[in-house]
Amino acid sequence: MAIKPVIEMNKVSKIYGGKTENQVFALNDVSFTMQEGEFIGIMGASGSGKTTLLNVVSTLDHPTEGTVAIAGTDITRMKARELSDFRAQRLGFIFQEFNLLDNLTVYENVALPLSLQDLPVHQIMDRVGKVLEQLGIAELADKYPATISGGQRQRTAAARAIVHEPALLLGDEPTGSLDTKNAVGLLEQMKRLNEQQQISILMVTHDAFSASYCSRILFIQDGRLVQELYRLGSREAFYKQILNVLGDYGAAAAEAAAKELSAVEDRG
Amino acid sequence: MLMKLALSGMKSKLKDYLVLLAGLVISISIFYMFQTMAWNRSFTENNAVINSIQLVYVLGTILLSAITFFYILYANGFLLSLRQREFGLYMVLGARKDKIRKLMFIETIVLGMVSLAAGLGIGFGLSALVGRLMAQQLQADLTGYYPVYGPAIGFTVLFFVALFIFSALWNQLKLARMQVLQLLHGSMRADRPWRSSGWKKVMVVVGVIAILLGYLSLTFMEQLREIGLFTATIMTPLGTYLLFMAFLPPLVARLKKSHQLRGIRAFTFGQLSFRINELTKLLATVAMLIALGAGAIAGGLAFWNDAFIRGETYRVYDATVHDPNEAETNVLAGIPFKERFTYRYKLDNEILYYAKEDLESQRPLVHSQQGRDYWDQLKRVEDPLPKATADSAGKAVAGESANSSAGGVAGESADGTAASADTGIESGVEGETAGGIENGESLSSDWTTFLWQIAPTNLSYSDVRLADNVQFDALEAKEQIVVIGRTDDFLAYRSSWEKLDQLAMEKSEGMGVTWSKYENYQRALGISSGTMFMGFFLGIAFLAMMASCLMFKILSGAAKDIQRYEMLHKLGVRRERLSRSIYTELLLVFLFPGIAGLLHVLVGMRLFSFILAEPYYRLWLPILLFAVIYSAYYFITVNLYKRIVLR
Ligand SMILES: Nc1ncnc2c1ncn2[C@@H]1O[C@H](COP(=O)(O)OP(=O)(O)OP(=O)(O)O)[C@@H](O)[C@H]1O
Ligand SMILES: [Mg+2]
């Protein structure tokens with residue numbers, strides 16, 4: 001199988017704030033390429049630009065500079081309608097927060113990507129049923145998001161993200177609010193999707209255990225890609241490797257955190 | 001410290017507060033508008049054609065108070081929902097609950113007072129503006145109506161101060177009973193699926209009975225009188241509320257169920273069913289307000305139409321001009337008559353002679369029957385004309401007449417007897433008719449009525465007779481003519497009729513009255529203009545209140561909806577599809593109360609049947625008017641909402 005690039009980011013910058021205000025470089029000259037079938041993790045301190053990177057890739061946000069191509073298409077040139085259709089058909093999302101529509105049941109939430117494409121009902125029921133089963137939330141089908149736990153919500157979001165078998169799955173801390181057992185369940189699920197269905201996955205995470213499921217990790221700091229790590233051996237070895245890298249950045253992160261805290265205290 | 005925090009919290013939700021404030025201010029100003037009428041007893045009694053107008057206002061005040069009460073309570077709930085998350089956070093951080101309750105109390109009262117002041121100010125302006133506009137438009141005399149009216153101010157202030165204190169206490173109670181977590185997660189709610197239960201069935205039954213009672217009392221208002229007014233006022237809203245509460249949620253639930261896997265429609269109905277429980281009461285209120293508003297306007301218009309109907313009942317022909325002079329001829333020439341006849345007559349020896357040939361060849365239209373119910377049912381006079389009776393020979397036996405008229409008239413007669421007593425025409429005495437003729441010898445009643453209508457009002461005569469051409473020419477007196485004409489649309493040529501009346505007055509040098517159809521119409525209009533004014537004034541007030549209710553409801557929920565639309569956008573739903581979803585959702589929200597309200601109006605118009613000849617005449621006009629305004633309002637709301645949720 002010829003390996004094709006899914007994501008090609010070329011010198012992408014994202015600057016928040018106008019010219020007069022103090023500008024924030026949420027992304028600063030980021031370039032990387034993701035091949036089809038890769039499972040990439042993005043790690044970095046809070047506020048380092050992870051979500052911004054994901055938003056740019058997911059066509060939700062426009063980069064200030066640079067180009068982003070997905071599956072060979074330059075999304076920075078696409079029109080709003082094309083972007084919508086592109087997202088609906090090719091991408092799956094698990095967001096950091098507010099994942100579900102609170103006015104729809106779990107079942108309806110999961111079915112949404114399919115029903116939005118006007119698939120025949122029996123096909124929808126088929127696939128939704130399967131996914132709910134896989135993620136262990138079949139019993140919750142008729143409940144509303146407000147009445148289920150945070151972890152159940154996250155799994156529902158995951159189910160919705162994969163139900164239409166997207167080409168690229170994007171996750172912003174998908175395991176963030178899950179306990180270990182549920183986290184493992186979700187990660188295994190993602191791994192299966194990645195290996196069996198060749199779905200490319202780009203996932204933001206702050207936790208080394210989740211990251212160890214990836215085949216490659218990008219480390220981001222203050223909007224810049226500072227290091228990448230390929231998984232060569234077993235997952236356990238990779239996990240240790242990640243911890244090491246995090247340890248190096250840990251000192252810097254602690255420093256930043258201390259700075260932030262004092263800033264908060266100054267304000268208060 | 002807590003005060004400061006609370007203030008900054010308010011600032012961050014300025015938009016929501018503005019929506020809230022606008023809603024309160026509008027409801028207060030409209031309540032006040034209504035009161036300027038309700039408390040101005042001398043004005044309403046002088047201007048209404050309805051006897052128990054004061055009772056109407058008392059009941060109206062009760063109804064409006066009830067509606068306002070629920071509206072304010074609802075707005076107040078919105079205020080609490082704006083704040084509860086923040087208050088919950090303060091409590092988590094250690095703020096004492098009684099402090100928070102005090103804060104909420106102060107906030108409610110302050111907001112109430114500010115909106116009361118603003119509402120009264122706007123109420124003054126609105127009353128003056130609407131009053132002036134209406135007076136101009138209807139040429140109604142509004143002496144005695146005061147836009148700034150002491151008793152109305154007093155009552156409005158009293159009512160709303162009480163209401164705000166009540167709702168402040170209500171909020172206290174709610175706050176006291178809520179746990180911190182409930183406060184924190186106040187905005188997260190689950191949709192309770194609709195379940196049929198015993199008391200819901202009772203609700204349906206009671207609702208149906210109430211609506212039927214209401215409709216019955218509206219229909220038989222004439223017989224039931226004051227009791228009917230009471231029952232209608234209480235039962236119709238009660239039935240509306242109950243039925244909305246009983247039928248809307250399951251209906252929406254069914255809609256949702258059947259579109260569960262239909263993509264964006266699943267979302268649309270999900271959205272609707274999510275809020276339908278709290279929407280029902282509001283939609284029922286809106287339905288009532290539509291009924292009251294559209295009903296008041298339709299009532300006003302019905303009084304307007306009534307003047308027209310009176311005119312039509314009075315005369316079939318729009319213009320009646322005797323011996324038109326040059327100016328009158330010119331005016332007549334400028335009017336596109338559908339039918340225009342000229343009749344010759346002579347006054348000889350106290351007897352009015354009409355040229356029979358003219359009548360024969362230009363048979364006029366008359367009402368098919370007497371009475372107001374038949375104002376628009378016309379027929380051509382088919383009755384044969386009696387034999388000409390111009391000279392004394394005419395009084396001889398029928399067959400004797402050498403030149404019996406072309407129509408082959410059966411008999412002869414001086415004239416009929418059916419003419420009204422106040423016609424000014426001395427009807428020929430029955431006995432005057434020459435004997436020996438069996439039937440049809442007199443002028444038929446249709447002819448009599450018609451001849452009376454075209455008779456010259458400035459001449460006095462004791463008898464009316466017909467004359468054939470020979471006889472007519474032989475008469476010594478001056479030949480005069482009367483021109484009558486009928487147009488398609490009496491109201492369209494009002495200025496011409498006015499001009500003709502003026503010219504007629506000039507001709508008679510101020511002596512005598514014109515007795516024209518136009519004058520009659522104007523007089524009828526004058527009598528009902530006060531009622532018309534009240535109808536339009538209140539109609540506008542109610543519709544504005546309806547608009548404010550609906551707008552408030554939709555905009556107050558918009559902030560929470562932003563997230564949902566954002567989510568759908570992220571999932572790749574095109575903007576147009578989201579926009580269509582909004583159109584559909586709000587269409588349903590607008591449709592239910594719109595239909596219910598119009599149904600009430602259709603039944604409610606029966607109410608006027610004891611004052612008006614035809615309350616349903618041209619009802620499509622106010623309904624169309626309402627439909628246009630309501631649709632425009634729908635599009636405005638959709639666009640406002642879209643601007644908020646689809647950024
Ligand atoms: N809409 C915005 N306007 C201005 N600045 C923004 C905006 N969104 C993000 N930022 C800034 O951009 C930087 C990167 O934000 P981003 O959300 O990507 O961080 P993150 O890595 O996802 O953090 P976390 O792990 O806490 O989610 C931060 O400094 C943030 O303050
Ligand atoms: Mg983030």
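Labels below follow one simple rule: chain letters A, B, ... track the order of the sequence lines, proteins then strands, and each chain is numbered from 1. Values in this document were obtained by computation on a predicted structure and should not be read as measured data.
Heavy-atom distances place both the backbone and the side chain of B:Phe267 under 4.5 Å from chain A. When heavy atoms are compared at a cutoff of 4.5 Å, B:Glu566 does not approach chain A at all. In this structure, the portion of A:Asp118 lying under 4.5 Å from any heavy atom of chain B is its side chain and not its backbone. Neither the backbone nor the side chain of B:Arg265 comes within contact range of chain A; no heavy atom of the residue lies under 4.5 Å from a heavy atom of that chain. Looking at A:Tyr107, only its side chain comes within 4.5 Å of chain B, counting heavy atoms on both sides.
Each of A:Leu101, A:Val128, A:Leu83, A:Asn55 has some count of heavy-atom pairs under 4.5 Å with chain B, and the biggest count is that of A:Leu101. Most heavy-atom pairs under 4.5 Å with chain B: of the set A:Gln89, A:Gln117, A:Glu108, this distinction falls to A:Glu108.
The nearest pair of heavy atoms linking B:Gln271 to A:Asn103 is OE1-ND2, 2.6 Å. Shortest non-hydrogen contact noted between A:Leu112 and B:Leu571 is CD2-CD1, 4.0 Å. The shortest heavy-atom contact between A:Ala88 and B:Gly572 is CB-O, 3.4 Å. Counting all heavy atoms, side chain and backbone alike, B:Gly270 lies closest to A:Leu104 at CA-CD2, 4.0 Å. The two residues B:His569 and A:Arg87 make their nearest non-hydrogen contact at O-NH2, 2.8 Å.
A cation-pi arrangement is not found for B:Lys570 relative to A:Phe93, the charged atom failing to lie both closer than 6.0 Å to the ring centre and inside a 45° cone about the ring normal.
Remark: B:Tyr17 OH is packed, more than 12 non-hydrogen atoms of other residues, nucleotides or ligands lying under 6.0 Å away. More than 12 heavy atoms of other shown residues, nucleotides or ligands fall within 6.0 angstrom of atom NZ in B:Lys642. Around atom CE of B:Met203, more than 12 heavy atoms belonging to other residues, nucleotides or ligands sit under 6.0 Å away.
Side-chain atoms of B:Arg575 do not come within 3.5 Å of backbone N or O of A:Ala80 as any donor-acceptor pair.
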